[in-house]
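In this chain, numbering begins with 1 at the start of the sequence shown.
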Amino acid sequence: MERADMTDFGTDEAVEDDERATIKPVVAVVGRPNVGKSTLVNRIIRRQAAVVQDVPGVTRDRVSYDANWNGREFVLVDTGGWVSDAQGLAAQIAEQAELAIEAADAVLFVVDATVGTVDEDEAVVRILRKSRKPVVLAANKVDDQRTEAEAAAMWNLGLGQPWAVSALHGRGTGDLLDAVLEALPEAPKESFDVELGGPHRVALVGKPNVGKSSLLNKLAGQQRSVVDNVAGTTVDPVDELVEVDGKVYRFIDTAGIRRRVKEASGHEYYASLRTHRAIERAECCVVLIEASEPVTEQDLRILSMVEDAGRALVVAFNKWDLTDEERRYYLDREIERELYGFAWAAKVNISAQTGRGVHRLGPAIEQALEGWETRVPTGKLNAFLGRLVASHPHPVRGGKQPRILFGTQAQNRPPTFVLFTSGKLDDGYLRFVERRLREEFDFTGTPVHVEMRAREKRKNR
């Protein structure tokens, strides 16, 4: 009997929690452009994770999400639309889809039942037959019984039963997922030791066309993200496990943040929101700034977003190979003038295109994360504060001199300190304390928050 609702679904964060003891089977979702692949992915994981818009070509990279059906966990890989005679950017998108098929245990092939079989569908079928992977055929956009006959016509593709579904309304998706589970191999029983918490999550952020995807590809050593000179190629955040200097990180390549979210429309708007979410999801953010161009207000706004989110920060000045001595002189002046508020950030000069300086990124990320996770023992902190107050007491204000009585670190990630005082401290003095905390405990690459709790005055009775 057909299941029309999706109430039994369970979902996980998009390939974020790798603390599983077994390897999950992988299902690649493929098909020509605009047949509803991303809508079906969202239906299966029961949330708006994949970017969807009623125009072809919105999904460009292969993006993974964890899914669960009837207690069985698997990984769902959404891909860009496959076009047989693709050129340029479209060809790279098609290549990503073919790579997803190659890496998958089973394939969910989505067709548009309302259009019928077209040449592009036949071309995908040829690719699928060569792959020898189990294929489940989803005839999408069957919103009512009247269009079920159109779905039945998809038998002519030679892939077995076409499962009539409506990704938009959820119709038939339960039976479809039962068929997907039957096509999947059983997950292996052996377990693997996984570092508690999994690899550190590092988001690559910056304005459009600054080189984020190129850097991810350089680090991964393969064409992992679609790269093109057209700004805004990346739409969905893309996760990739990459080993840098012997340590594994989960890199998140994100869509470029435009000047104002309200200036973006359609899928660009939602992609920008997902970039904000990627920053929140990350532990460290690598903000790419174009070294060959003046630092912009947009760059500063992105840096502020990372600081406000309380994430570790590395500033990577990309396209260093395009700078000359004059540009480097002016860049130094811009860093002193424009990035003064982010002097605490770790900084590297790189070229994602040539690979120059990319090896410095690993140590910078490690330094930033180490500072971000640092916890200072209370005794050590108060010994430092005692020396600081003795050598640099707070100025006298109105005949009174507030003092720091003691302090404690309320949390790390990022380091947050609470100072208990005899009165209100000047903002300038708080900034001085923060600066000295950085110098003493090496908080390079992380925001440091210093809060004040002034002792209340006793009321005369």
Report yes if the side chains of I44 and W69 come closer than 4.5 Å at any heavy-atom pair, otherwise no. no
Derivation of the side-chain contact (heavy atoms from CB on, under 4.5 Å) call for V295 and L331: CA-CA 8 Å; V295 176; L331 180 60; 4.2 Å; yes
Search all heavy atoms of A183 against all heavy atoms of V136 and return the closest pair with its distance. CB-CG2, 3.9 Å
Tell me which one of K247, E366, E283 satisfies side-chain hydrogen bond (donor to acceptor under 3.5 Å, both in side chains) with H200. E283
Is there a side-chain contact between I335 and F317, using heavy atoms and a 4.5 Å cut-off? yes
Could you grab the distance from atom CG of L381 to atom OG1 of T408, nearest 0.5 Å is fine? 7.0 Å
Should we count CZ of R397 as having more than 12 external heavy atoms under 6.0 Å? yes
SG on C284 to CD1 on I279, rounded to 0.5 Å: 11.5 Å
Given 3.5 Å as the limit, does a donor-acceptor pair link the side chain of N318 with the main chain of V210, or not? yes
Side-chain contact, heavy-atom cut-off 4.5 Å: L361 with Y249? no
Under 4.0 Å between a Lys/Arg side-chain N and an Asp/Glu carboxylate O for E280 and R311? yes
Distance-only, no hydrogens or angles: does the R201 side chain make a donor-acceptor pair with backbone N or O of I252 under 3.5 Å? no
Atom CD in E338, atom CG in L303: separation rounded to 0.5 Å? 11.0 Å
Residue pair T296, D299: steps toward the side chain to side chain donor-acceptor pair (under 3.5 Å) verdict: CA-CA 5 Å; T296 66; D299 295 320; 3.0 Å; yes
F417 and V376, any side-chain heavy atoms less than 4.5 Å apart: yes
Return yes if some donor-acceptor pair links the side-chain N/O of R453 with the main-chain N/O of V418 below 3.5 Å, else return no. no
What heavy-atom pair brings D245 and P363 nearest, and what distance separates the two atoms? OD2-CD, 3.1 Å
Would you find more than 12 non-hydrogen atoms of other residues, nucleotides or ligands less than 6.0 Å from Y330 atom OH? no
Count the heavy atoms of every other residue, nucleotide or ligand shown that sit under 6.0 Å from CZ of R132, and state whether that count exceeds 12. no
Might you point out which heavy atoms bring A368 and V314 nearest each other, and give the distance in Å? CB-CG2, 4.1 Å
Working to the nearest 0.5 angstrom, can you tell me the gap between K424 NZ and K400 NZ? 14.0 Å
Counting C-beta onward and ignoring hydrogens, is there a side-chain heavy-atom pair between F342 and V306 closer than 4.5 Å? no
Between K212 (side chain) and K207 (backbone), is there a donor-acceptor pair under 3.5 Å? yes
If you take all heavy atoms of Q401 and P393, which pair is closest and at what distance? NE2-CB, 3.7 Å
Does some side-chain heavy atom of P415 sit less than 4.5 Å from a side-chain heavy atom of Q409? yes
Do L385 and F406 have side-chain heavy atoms sitting under 4.5 Å apart? no
Could you go through L313 and W344, starting from their C-alpha distance and side-chain angles, then the distance that decides it, and tell me whether this counts as side-chain contact (heavy atoms from CB on, under 4.5 Å)? CA-CA 9 Å; L313 172 63; W344 49 268; 3.7 Å; yes
The reported gap from CG in L108 to CG in L76 (rounded to nearest 0.5 angstrom) is 7.0 Å
Would you say the side chain of F251 lies within less than 4.5 Å of the side chain of V202, judging by non-hydrogen atoms? yes
Walk me through whether D332 and Y329 qualify under side-chain contact (heavy atoms from CB on, under 4.5 Å). CA-CA 5 Å; D332 286 341; Y329 169 82; 5.7 Å; no
Output side-chain donor-acceptor pairs under 3.5 Å for residues 434-445, partner residues at least two apart or in another chain, one line each.
from: R436; atom 1: NE; to: E439; atom 2: OE1; distance (Å): 3.4
from: R438; atom 1: NH1; to: F443; atom 2: O; distance (Å): 3.0
from: R438; atom 1: NH1; to: T446; atom 2: O; distance (Å): 2.8
from: R438; atom 1: NH2; to: T446; atom 2: O; distance (Å): 3.0
from: E440; atom 1: OE2; to: R387; atom 2: NH2; distance (Å): 3.4
from: D442; atom 1: OD1; to: T444; atom 2: OG1; distance (Å): 3.0

Interatomic distance, M305 atom CE to E307 atom CD [nearest 0.5 angstrom]: 12.5 Å
I need the full list of side chain to side chain donor-acceptor pair (under 3.5 Å) pairs touching residues 350-365, with sequence neighbours left out, sorted by first then second residue. D321-S351, S351-T354
Assess whether side-chain contact (heavy atoms from CB on, under 4.5 Å) is satisfied between I404 and Y429, documenting all intermediate values. CA-CA 11 Å; I404 297 175; Y429 194 75; 4.1 Å; yes
Do the side chain of T421 and the main chain of G423 share a donor and acceptor less than 3.5 angstrom apart? yes
Could you tell me whether the side chain of N68 and the main chain of E73 form a donor-acceptor pair under 3.5 Å? no
Looking at S422 and R403, would you say the former's side chain and the latter's main chain have a donor-acceptor pair under 3.5 Å? yes
Identify the two heavy atoms, one from T416 and one from E451, that lie closest to each other, and give their separation to 0.1 Å. CG2-OE2, 3.8 Å
Could you list the residues that satisfy salt bridge (Lys or Arg N to Asp or Glu O under 4.0 Å) with K133, not counting sequence neighbours? none
Should we say atom CD of E370 is surrounded by more than 12 heavy atoms from elsewhere, each under 6.0 Å from it? no
Where is the tightest heavy-atom contact between P402 and L425, given as atom of each residue plus distance? CB-CD2, 3.9 Å
May I ask you to decide if T173's main-chain N or O and R43's side chain share a donor-acceptor pair within less than 3.5 Å? no
